[in-house]
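Reviewing the structure listed below.
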Amino acid sequence: MSIKNRKALRTEEEQAAPEETEQQAVTDGGAPLLAHLQALRRVLIVSAAALAIAFFLVFYLAIENLMAWIIGPIAERGIQIIYTAMSEALVTKFKVALVAAIILASPVIIWQIWSFIKPALFPKEKKAFRVLFLVALFLFLLGVVFCYLAVYMLAVDFFLVAGDNLATPMLSIDKYVSFLFGFIIPFGVAFQLPVALYLTTRVGWTNYRMLAAKRKFVILGIFVFAAILTPPDVVSQLALGLPMILLYEIGIQACRLTKPRERE
């Protein structure tokens, strides 16, 4: 091969090299995105499979016991439970089974979500996330249990007494279950107040002095919130308002020990 031809071939290779390098960079840059999408797909598939298995187990093995437990507070008071549509009873069982399946499959779902976001966190962030998650889960369960054992029974008695000598109570199963879930779940959410205060202080939106200075306005807001959420009687409002005030004070003390995250 002549010297002229060799120079021409080398020039073509040098021109093609940047294009290959650029193409390789695009491929390498797209690989993490593809890996994330595959990991997300795996999370969704495993979570959906766990939820489906839990749903069938609950529906075929435990739904009758669950329905008896849910209807128990009304049945003990001699109130008849009815359904007004052909599919109402079955749809209500599906609803209860789905909620129970979500609770039963939650460890698998939570583990899948944690495995997906864990690689993106620093060691300190991983530890803080685990602690914060456990605290939030405990407070949510505490709110639900407290509502069912303390406030919900008071609400049931209040509404039954309010309608006494006015009409014969014959409760629809779907409306009763919806009332139950709509009553206890907001309590679990309301018990997340310390976690919310910690997060807002961590990102710099609030601080200990601000929360302490606004205490009287927050207490007023808590009782307004309790009056909206609970039946219109003082006992139910105090049953929700006083624990939330206690949780607010706990949140203030937690914020005193919390430093805002440094921003670059």
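This is a predicted model, so every value here is computed, not measured.
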Self-check item: Donor-acceptor pair between Glu88 and Thr84 side chains, under 3.5 angstrom
Solution: yes
Quiz item: Is it the case that more than 12 heavy atoms not belonging to Phe181 sit under 6.0 Å from its CZ atom?
Solution: yes
Quiz item: Does a donor on one side chain sit under 3.5 Å from an acceptor on the other, for Thr206 and Lys214?
Solution: no
Quiz prompt | Side-chain cluster (under 4.5 Å, hydrophobic types only) that Val91 belongs to, other residues | solution = none
Quiz item: Mind checking whether Leu149 and Phe187 sit in one hydrophobic cluster, side chains of I, L, V, M, F, W, Y counted as touching below 4.5 Å?
Solution: yes
Self-check item: N/O donor-acceptor pair under 3.5 Å between Gln192 side chain and Ala136 backbone
Solution: yes
Quiz item: Is there a side-chain contact between Arg202 and Cys255 (heavy atoms, below 4.5 Å)?
Solution: no
Quiz item: Given side chains that start at C-beta, do those of Leu211 and Thr201 come closer than 4.5 Å, heavy atoms only?
Solution: yes
Quiz item: Do the two ring centres, one from Trp114 and one from Phe129, sit under 6.0 Å apart?
Solution: yes
Exercise. Please tell me if the side chains of Val96 and Met67 come closer than 4.5 Å, counting only heavy atoms from C-beta onward.
Key: yes
Quiz item: Between Phe191 and Phe140, is the gap from one ring center to the other below 6.0 Å?
Solution: no
Quiz item: So, do Ile184 and Leu180 sit near enough that their side-chain heavy atoms are less than 4.5 Å apart?
Solution: yes
Exercise. Without swapping roles, check the side chain of Thr200 against the backbone of Leu197 for a donor-acceptor pair under 3.5 Å.
Key: yes
Quiz item: Below 6.0 angstrom between ring centroids: does that apply to Trp111 and Phe133?
Solution: no
Quiz item: Who pairs with Glu249 by salt bridge (charged side-chain N to carboxylate O under 4.0 Å, His left out), at least two apart in sequence or on another chain?
Solution: Arg215
Quiz item: Does Leu132 offer a backbone N or O that forms a donor-acceptor pair with the side chain of Tyr198 under 3.5 Å?
Solution: no
Quiz prompt | Exam field: side chain Tyr176 to backbone Ile70, donor-acceptor pair closer than 3.5 Å | solution = yes
Quiz item: Do Ser106 side-chain atoms and Ile103 backbone N/O form a donor-acceptor pair below 3.5 Å?
Solution: yes
Practice problem: Decide yes or no for Val108 and Ser47: does some side-chain heavy atom of the first lie under 4.5 Å from some side-chain heavy atom of the second? | Solution: no
Quiz item: Below 4.5 Å, heavy atoms only, C-beta onward: do Ile252 and Tyr248 meet side chain to side chain?
Solution: yes
Self-check item: Atom CZ of Arg209 with >12 non-hydrogen neighbours under 6.0 angstrom
Solution: no
Exercise. Check whether Leu247 and Leu134 end up in the same hydrophobic cluster, where Ile, Leu, Val, Met, Phe, Trp and Tyr are linked by side-chain heavy atoms less than 4.5 Å apart.
Key: yes
